[in-house]
Protein chains: 2
Amino acid sequence: MDDGLLLQVYEHPLLSQEELKAICSLHKKVHFQRGNFMLKEGQVAGEYLILEEGLVRSFVHDYNGNDITTNFFSENEIVIEVSSLFQRIPSKENIQALTDCICWKIDFGDFQNLYHSITGFSEWGRAWMSQSLFESKQRAVSMITDSATERYLKLLEEKPSVVQNAPLKHIASYLGITDSSLSRIRKETTRS
Amino acid sequence: MDDGLLLQVYEHPLLSQEELKAICSLHKKVHFQRGNFMLKEGQVAGEYLILEEGLVRSFVHDYNGNDITTNFFSENEIVIEVSSLFQRIPSKENIQALTDCICWKIDFGDFQNLYHSITGFSEWGRAWMSQSLFESKQRAVSMITDSATERYLKLLEEKPSVVQNAPLKHIASYLGITDSSLSRIRKETTRS
DNA sequence: TTCATTTCTTGTCATAGGTCAAGTGGTACT
DNA sequence: AGTACCACTTGACCTATGACAAGAAATGAA
């Protein structure tokens, strides 16, 4: 099994080589085509994915039916809807492949067994989730303190592959602006 | 020990009465005076609190030195800086009592012992954290889809005690607007 | 009670970004 | 080749909210 990627994702001081092997062996390779949904709102997530290749977004619908991109997932990242997976409730979010994707999948049941039998794994999981929470809070603060242009430039720096590969309208809704505005911002910031 | 509050907070299908007792017995009552800091940026959190009485806020500083309130904690809520506590890193946030407070405190070491010895407790913790993550993501979406007035009305509905007890400037920075704007919004929406 | 300080309100004016609508270029299907 | 549909750009105008500044009202300390 070609699991270099997984070893990197699960790297944690409390996890031994044997434990890592056990964890990795429960992942299966899966493919998604551009446009496919990994999770649709209303479904209960039964697994999560580790993205080896491709670009993914999550989004919700606002009351006007417009969709708001809530996150982008790039290579080496965990693609997951946490509330649905861990609280066993229907997802409010959709998760969709923006390009063809290669992923490693692990089922919730297998995950649970590891989580409750390997101390280091539950530590890893908690650390991962606290990092996600931190990033989410940062996003909210950025919406308050940064201008649209600053938010765009930050995204460009932190996830250049998103800016290069995602349609402008998805990037715009992620940044909290209209696509017209993003088009103007891009024009301004490119001309240098 | 008067632990009705704690029993309510730790309510979870996988936790037995004995386990709940063990968990509650590791909490100690502590008091804070209005204005006191429960955590300052730069410190590593060594505990978390359950708020029995009072009102608390967390905040960060933006690059102009202004502070941005990132959250309010009301009675029965867990007052915590997740990243610092679980990743053992210095906090970027401050946590401060807005009124005199009565809390129940549990130390990180005691928490860890429970977390790794009681299956239901690690499930409870994960569920709690995934709920926090959900709320944080909702906040980011609300910043995008809702007007300032709508955000204010939502806060009023969800946490009326905050609107009644927190200074206007903290509420304003939490909502992502200036205090002048909030003052006008309040005037508009009150006149009914 | 007085003075100082903070909190909140209100006014005027400025601006980032929204709305709506038209236009261009690309891609896919028939 | 023609048609339909996206994705993106651009223009003209509008609006919510910010910036700044001056009061008023409340709070707290001496």
Side-chain angles (χ1 to χ4, degrees), chain A residues 33-35 55 57 59 62-69 72 96-100 139-156 161-192, chain B residues 33-36 55 57 59 62-69 72 96-100 140-156 161-192:
Chain A
Q33 289 194 317
R34 176 159 178 265
L55 183 62
R57 72 165 183 140
F59 67 96
D62 71 7
Y63 31 62
N64 299 315
N66 307 314
D67 63 62
I68 310 291
T69 296
F72 291 105
Q96 186 183 31
L98 289 177
T99 63
D100 292 351
R139 173 160 151 72
V141 170
S142 174
M143 293 301 307
I144 292 175
T145 60
D146 301 336
S147 69
T149 304
E150 289 168 329
R151 297 201 297 279
Y152 171 71
L153 291 175
K154 275 189 185 175
L155 180 65
L156 187 59
S161 69
V162 168
V163 177
Q164 279 154 14
N165 297 311
L168 180 134
K169 65 176 174 185
H170 296 333
I171 301 172
S173 76
Y174 176 76
L175 295 174
I177 57 180
T178 58
D179 45 357
S180 324
S181 287
L182 178 54
S183 179
R184 286 187 247 261
I185 286 171
R186 182 180 267 179
K187 186 180 165 192
E188 279 300 302
T189 57
T190 301
R191 158 210 68 107
S192 61
Chain B
Q33 290 194 317
R34 174 159 178 264
N36 282 176
L55 183 63
R57 73 166 182 138
F59 67 97
D62 71 6
Y63 30 62
N64 299 316
N66 306 315
D67 61 62
I68 310 291
T69 295
F72 291 104
Q96 185 182 32
L98 289 177
T99 64
D100 292 352
V141 170
S142 174
M143 293 302 307
I144 292 174
T145 60
D146 302 335
S147 69
T149 305
E150 289 168 326
R151 297 200 298 279
Y152 172 71
L153 292 174
K154 276 190 184 174
L155 180 65
L156 187 58
S161 69
V162 168
V163 177
Q164 280 154 15
N165 298 311
L168 181 133
K169 65 177 175 184
H170 296 334
I171 301 172
S173 76
Y174 177 76
L175 295 173
I177 56 180
T178 58
D179 45 357
S180 324
S181 288
L182 179 52
S183 179
R184 286 187 247 261
I185 286 171
R186 180 179 268 178
K187 186 180 165 192
E188 278 301 301
T189 57
T190 301
R191 159 209 66 112
S192 60

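The structure presented is a predicted model; accordingly, all values stated were derived computationally and were not measured. In what follows, chains are A, B, ... by sequence order, proteins preceding strands, each numbered from 1.
Rounded to 10 degrees, the angle separating the terminal helix axes of the helix from dT1(C)-dA30(D) to dT30(C)-dA1(D), each built from five base pairs, is 50°.
To the nearest 0.5 Å, the span separating OG on S173(A) from CG on N66(A) amounts to 9.0 Å. Atom CD1 of I68(B) and atom CZ of R57(B) lie 10.0 Å apart (nearest 0.5 Å). Distance check: R139(A) CZ to L175(A) CG gives 8.0 Å after rounding to the nearest 0.5 Å. One finds the CD1 atom of I171(A) at 6.5 Å from the CG atom of L155(A) (value rounded to the nearest 0.5 Å).
Protein atom CG of D67(B) is 14 Å distant from nucleotide atom P of dT6(C), rounded to whole Å. When the P atom of dG18(C) is taken as reference, atom CD1 of I68(A) falls 11 Å away, rounded to whole Å. dG11(D) atom P lies 12 Å from atom CD of E188(A), rounded to whole Å. Atom CG in L175(B) sits about 13 Å away from atom P in dC8(C), given to the nearest Å.
Side-chain atoms of S161(B) and N165(B) include no donor-acceptor pair closer than 3.5 Å. Remark: the D146(B) side chain and the Y63(A) side chain contain an N/O donor-acceptor pair separated by less than 3.5 Å.
Electrostatic pairing of R184(B) and D179(B) does not count as a salt bridge here, judged by no charged N lying under 4.0 Å from a carboxylate O.
Qualifying ring-ring contact (aromatic ring centres under 6.0 Å, His included) partners for Y174(B), counting only residues two or more places apart in sequence or in other chains: F72(B). For D100(A), there are no salt bridge (Lys or Arg N to Asp or Glu O under 4.0 Å) partners two or more places apart in sequence or in a different chain.
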Side chain to side chain donor-acceptor pair (under 3.5 Å) for R34(B) and T99(B)? Distances and angles first, verdict last.
CA-CA 4 Å; R34(B) 174 159 178 264; T99(B) 64; over 6 Å; no

Polar pairs (N or O, both sides) under 3.5 Å between protein and nucleotides 22-25 of chain C?
none

Atom pairs under 3.5 Å: protein N/O with N/O of nucleotides 5-8 of chain D:
residue : atom : partner : partner atom : Å
dA7(D)  : OP2  : K169(A) : NZ           : 3.0
dC8(D)  : OP1  : L168(A) : N            : 3.4
dC8(D)  : OP2  : L168(A) : N            : 2.6

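In this structure, T189(A) contributes its side chain and R186(A) its backbone to a donor-acceptor pair below 3.5 Å.
Residues I177(B) and A148(B) come closest through the heavy atom pair CG2-CB, 3.6 Å. Nearest heavy atoms, G176(A) versus M143(A): CA-CE, 4.2 Å.
Proximity of K187(B) to the phosphate of dT10(C): a side-chain N or O atom is located under 4.0 Å from OP1 or OP2.
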Sugar-phosphate atoms are those with a prime plus P, OP1 and OP2; base atoms are the rest. Using that split, label each nucleotide of nucleotides 17-30 of chain D B, S or - for protein heavy atoms under 4.0 Å, 5' to 3'.
SSBB----------

